[in-house]
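All heavy atoms count here, side chains included; hydrogens, waters and symmetry mates do not. This is a predicted model, so every value here is computed, not measured.
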Amino acid sequence: QVQLVESGGGLVQPGGSLRLSCAASGIRLDNYAIGWFRQAPGKEREGVLCINGINDNRFYSDSVRGRFTISKDNAKRMVYLQMSSLKPEDTAVYYCAAVIRCSWREDDYDYWGQGTQVTVSS
């Protein structure tokens with residue numbers, strides 16, 4: 001059974017940093033890509049980063065490029081989203097999801113976590 005579990009969300013001030021984690025079970029991270037999506041209140045869910053399984057190629061959305069980074073530890077089956085220079089508009093529920101190869105299309109993803117709330121506010 002495949003399971004993705006996000007953790008690390010919380011309240012942070014503008015300009016601050018936060019690291020989210022995605023723990024994967026039932027899949028190998030060298031076989032699957034992991035994408036991070038977010039959904040702000042009243043908005044559609046959007047993809048923000050993705051890391052491929054086979055070659056670790058990384059993809060960033062324009063909205064987070066230069067501020068967010070993605071990394072992983074295949075042996076621990078963990079994927080990390082390091083967020084810096086956070087802005088109020090980064091407030092959202094953040095999800096990790098697994099797919100064969102990185103994609104910005106939600107329908108391409110096979111497995112999803114339950115999400116973790118990130119709130120950026122003073």
Check your understanding: Does the pair Asn52 and Phe59 meet the rule for a side-chain contact (heavy atoms from CB on, under 4.5 Å), with working shown?
Key -> CA-CA 9 Å; Asn52 266 331; Phe59 302 89; 3.6 Å; yes
**Study point:** Intermediate values then yes/no, side-chain contact (heavy atoms from CB on, under 4.5 Å), Asp30 and Ile54
**Key:** CA-CA 5 Å; Asp30 53 357; Ile54 193 168; over 6 Å; no
Practice item. I would like to know whether Tyr111 and Tyr32 meet side-chain contact (heavy atoms from CB on, under 4.5 Å); could you show each step before the answer? Key: CA-CA 10 Å; Tyr111 308 103; Tyr32 275 86; 3.8 Å; yes
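In this structure, the separation between CZ on Phe37 and CD on Glu106 is 5.5 Å, given to the nearest 0.5 Å. Residue Asn57 holds its CG atom at 8.5 Å from CD1 of Ile51, rounded to the nearest 0.5 Å. Within the model, atoms SG of Cys50 and CZ of Arg101 stand 11.0 Å from one another, a figure rounded to the nearest 0.5 Å. Cys22 contributes atom SG, which lies 10.0 Å from atom CG of Leu81 (distance to the nearest 0.5 angstrom). Atom CG of Leu11 sits about 9.5 Å away from atom OG of Ser122, to the nearest 0.5 Å. With rounding to the nearest 0.5 angstrom, the OG1 atom of Thr91 is 8.5 Å from the CG atom of Leu86.
Of the possible polar contacts, one joining the Asp90 side chain to the Lys87 backbone as a donor-acceptor pair under 3.5 Å is found. Between the Thr116 side chain and the Gly9 main chain, a donor and an acceptor come within less than 3.5 Å of each other. Side-chain atoms of Lys72 come within 3.5 Å of backbone N or O of Gly53 as a donor-acceptor pair.
Taking all atoms of both residues into account, the shortest heavy-atom contact from Ser121 to Pro14 is C-CD, 3.6 Å. Closest of all the heavy-atom pairs between Arg77 and Gly26 is NH1-N, 3.8 Å. Closest approach of Glu6 and Tyr95 over heavy atoms only: OE2-CA, 3.2 Å.
Side-chain contact between Phe68 and Trp36: absent, with no pair of heavy atoms (C-beta onward) separated by less than 4.5 Å. No side-chain heavy atom of Tyr80 sits under 4.5 Å from any side-chain heavy atom of Ile70.
More than 12 heavy atoms of other residues, nucleotides or ligands lie within 6.0 Å of CD1 in Ile100, so this atom counts as buried by the packing criterion.
Under 3.5 Å, the side chains of Ser63 and Ser61 contain a donor-acceptor pair of N or O atoms. Side-chain polar atoms of Tyr94 and Arg38 form a donor-acceptor pair below 3.5 angstrom.
Partner of Val79 under the side chain to side chain contact (heavy atoms under 4.5 Å, CB included) criterion, out of Asp73, Ile34, Leu4: Ile34 alone.
Cation-pi contact between Arg65 and Tyr60: absent, since separation from the ring centre below 6.0 Å together with deviation from the ring axis within 45° is not met. For Arg45 and Trp112, the positive end sits near the middle of the six-membered ring, less than 6.0 Å away and at most 45° from its axis.
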